[in-house]
Amino acid sequence: MICSLNKTTPSLQKPEKKEMEAFVQRAQRYRPFAGSMAGAFDLFFSSATLVLPEQFWALSMQFRTAVLVPTMKVAVVLCLIMSVMLLIEKMSMGFVSLYAKIFRRKPEKIYKWEAVKEDEEQGSLAYPMVLVQVPMFNEKEVYKLSIGAVCNLAWPSDRLIIQVLDDSTEVITRDLVQKECEKWRRKGINIDYISRDNRNGYKAGALKEAMEISYVQICEYVTIFDADFQPDSDFLMKTVPFLIHNPEIGLVQARWKFVNADDCMMTRIQEMSLNYHFKVEQQSGSSTVSFFGFNGTAGVWRIAAINEAAGWKERTTVEDMDLAVRTTLLGWKFVYVGSVKVKSELPSTFKAYRFQQHRWSCGPANLFKKMALEILRAKKVSLQKKFYLIYNFFLARRIISHNVTFFFYCVVIPLSVFIPEVEIPRWGVVYIPTIITCLNALGTPSSIHLTFFWILFENVMSWHRCKAVFIGLTEAERVNEWIVTEKLGDMLKTKPLVNVVNKIRTKFWDRYNFSELGIGICLWMCASYDYAYRTDHYFVYIYPLSISFLIMGFGYVGAFIPK
């Protein structure tokens, strides 16, 4: 059945109508169900033509010609420009990381590094005083793991102070954490349990108040571990020497290693993205301008650098990045040590991952808005570092990347199937995304066979990240939302998965993600129209993308955890 184009698509010129009719006839022979789809669209448009008045169609055609087509053409140009910018950024970071790997540009070769040894005369006084902070909030599943790991750090006990900063609102959890601290204190560990009766400033507020305690003044360095992080016993032995022997270094950042990467497809995909972040983004920043964003955990700070930068601030939900930017503007250098890995946990539920990604996308955009002028006015850093901060660190990676991923691949390309006047060059649709995808996939060679699923998952998540970026830039309602990422610890190992699945959340609005469902349905319509009428074969990409949105919309992604 061929669409009656004279009635249903008055915007098409006669040659276009004949061309489409001929293509639909060919499609009936070579594409299964293409004729049926064309018939369905014909029926829909025919019904709409009968119901809606002719004035509506006349106005819609004028709107299409005067507004829609020019807007789509401008959107294509902007998306192509952003794609090229992102490609250049990805390739430049890749080349820097490759150079550092080939020529073995390890931190130990660039900076002075000597192991700390106990002196016969000074004894343990040869070791500097180190403060260890473990902020947590209702971390019932993982508090034992993190406290046990930091208490087993290989460092003289009289030169180490551990602070457990517990903002838990659950009384039972507070009691458990406090008892765990008391257990280690009886073993001779200098551990201090600190709790607040409020959550002012969230994590930044807890860290800020803890740094004001009198005994912190005798400490030279501070290391921070979130509640799900488990450093190896030699962590301080490998990282602190960089700070001891290089007075210009303000931060030493270690790499994250994931204990639950194999739990499900979603955690495998997260591992791919984060491995790229550490192996390429952090490595390239450390190698070029001695700067990268502090990851908020698994890093060692020089306390003098924190104090000079006016300490922790609570103005955004990325207090770690805020401190890092303010510190580097004062001339301090950062070192990334990828050989030191700290075990941590990835979000296993889609809901927890969404909240985490909202914070990680909204916070940087909001911080960029607050600090752009401050970066430009900074007097202690070079123009090169200012450019790096403004363009590479903020614009390219944290604003452009999220926008181009969602608008180009989830909006512009799918909608272009309805507008024949809009043409997108093959290099923008195929070559650029292919190169970018390959660069990301190389960060985790063992998961390279999951690249296709990684593309689809990241495109779906780009909807949440893009939305979060605009919230951060406009300081909308959720700009300061802080929901602690749910950690499971050994829950899935100790409880059979079948029991967990049987306790799937039953509330309708809890189970389904309606925005993903709506986008998935729209994309399915775009793919079907392209399949029935167009020759560009966009449906090969849009159909899987639509299915991905629908799968994640129905909640069939990640682990299902009972409340």
Side-chain angles (χ1 to χ4, degrees), residues 132-151 162-185 191-210 224-231 256 258-260 263 267 270 295-298 312 314 316-320 342-360 362-363 478 480-495 500 503-505 507 510 558-563:
V132 180
Q133 295 180 320
V134 186
M136 56 178 60
F137 176 77
N138 295 334
E139 313 284 2
K140 185 170 61 176
E141 300 294 341
V142 294
Y143 74 94
K144 280 188 177 182
L145 298 175
S146 58
I147 294 176
V150 297
C151 288
I162 299 173
Q163 291 180 329
V164 175
L165 313 177
D166 187 14
D167 277 358
S168 299
T169 54
E170 299 171 358
V171 178
I172 295 177
T173 303
R174 282 197 177 201
D175 290 341
L176 290 172
V177 175
Q178 190 169 8
K179 288 178 181 178
E180 184 70 12
C181 293
E182 291 173 355
K183 182 187 79 174
W184 284 101
R185 191 180 297 115
I191 184 169
D192 189 12
Y193 174 81
I194 303 171
S195 64
R196 303 188 299 168
D197 57 3
N198 60 75
R199 288 196 69 206
N200 295 338
Y202 303 112
K203 179 180 174 181
L207 294 171
K208 182 179 179 180
E209 290 187 23
I224 303 165
F225 298 104
D226 284 349
D228 58 311
F229 279 72
Q230 306 163 50
W256 297 0
F258 312 106
V259 297
N260 64 330
D263 277 2
T267 53
Q270 289 179 66
N295 294 116
T297 178
W312 296 98
E314 309 156 10
T316 70
T317 56
V318 283
E319 73 295 324
D320 44 12
V342 180
K343 291 184 288 186
S344 63
E345 180 181 326
L346 293 164
S348 295
T349 65
F350 184 49
K351 183 178 181 181
Y353 186 61
R354 280 204 341 259
F355 284 133
Q356 181 201 70
Q357 293 302 298
H358 172 84
R359 188 173 75 251
W360 286 7
C362 177
R478 294 179 61 196
N480 289 318
E481 178 185 79
W482 182 293
I483 297 178
V484 176
T485 305
E486 179 184 31
K487 288 109 180 169
L488 305 180
D490 295 327
M491 179 192 292
L492 292 182
K493 297 177 183 178
T494 57
K495 296 181 180 180
V500 176
K503 295 182 180 180
I504 292 174
R505 297 164 297 183
K507 288 185 179 180
D510 268 352
F560 294 100
I561 308 301
K563 286 192 175 181

Original post:
Salt bridge between Glu180 and Lys183, side-chain N to carboxylate O under 4.0 Å?
Top reply: yes
Original post:
Could you give the distance from CD (Glu139) to CD (Glu170), rounded to the nearest 0.5 Å?
Top reply: 9.5 Å
**OP:** Considering non-hydrogen atoms only, spot the tightest contact between Ile224 and Leu207 and give its length.
**Re:** CD1-CD1, 4.3 Å
Subject >> Thr267: partners by side-chain hydrogen bond (donor to acceptor under 3.5 Å, both in side chains), with sequence neighbours left out >> reply: none
Subject >> Point-to-point distance, once rounded to the nearest 0.5 Å, from OG1 of Thr349 to CG of Asp263 >> reply: 11.5 Å
Original post:
Is there a salt bridge (charged side-chain N to carboxylate O under 4.0 Å, His left out) between Lys203 and Asp226 once you walk through the steps?
Top reply: CA-CA 10 Å; Lys203 179 180 174 181; Asp226 284 349; 2.8 Å; yes
Subject >> Value rounded to 0.5 Å, distance of CG in Asp228 from CG in Leu145 >> reply: 9.5 Å
Subject >> Residue pair Tyr353, Thr485: steps toward the side-chain contact (heavy atoms from CB on, under 4.5 Å) verdict >> reply: CA-CA 7 Å; Tyr353 186 61; Thr485 305; over 6 Å; no
Original post:
Who pairs with Trp312 by ring-ring contact (aromatic ring centres under 6.0 Å, His included), at least two apart in sequence or on another chain?
Top reply: none
Original post:
Distance from Glu345 atom CD to Glu141 atom CD, nearest 0.5 Å?
Top reply: 9.0 Å
**OP:** Identify, with sequence neighbours excluded, every residue that meets side chain to side chain contact (heavy atoms under 4.5 Å, CB included) alongside Tyr202.
**Re:** Arg199, Trp482
Original post:
Looking only at heavy atoms, which two atoms of Glu481 and His358 are closest? And how far apart?
Top reply: OE1-CD2, 3.6 Å
Subject >> The single option from Ile162, Ile147, Asp192, Val134 passing side chain to side chain contact (heavy atoms under 4.5 Å, CB included) against Cys181 >> reply: Ile147
Subject >> ring-ring contact (aromatic ring centres under 6.0 Å, His included) involving Tyr143 - partner list, sequence neighbours excluded >> reply: none
Subject >> With Ser195 via side-chain hydrogen bond (donor to acceptor under 3.5 Å, both in side chains) - residues at least two apart >> reply: none
Original post:
Roughly how far, to the nearest 0.5 Å, is CG of Asp167 from CG of Asn198?
Top reply: 7.5 Å
Subject >> side-chain hydrogen bond (donor to acceptor under 3.5 Å, both in side chains) involving Glu209 - partner list, sequence neighbours excluded >> reply: Arg196
**OP:** Please name the pair of heavy atoms, one in Pro347 and one in Gln356, separated by the smallest distance, quoted to 0.1 Å.
**Re:** CG-NE2, 3.5 Å
**OP:** Using the ring of Phe355 (Phe, Tyr or Trp, six-membered ring only), decide whether Arg359 places NZ or CZ under 6.0 Å from its centre and within 45 degrees of its axis.
**Re:** no
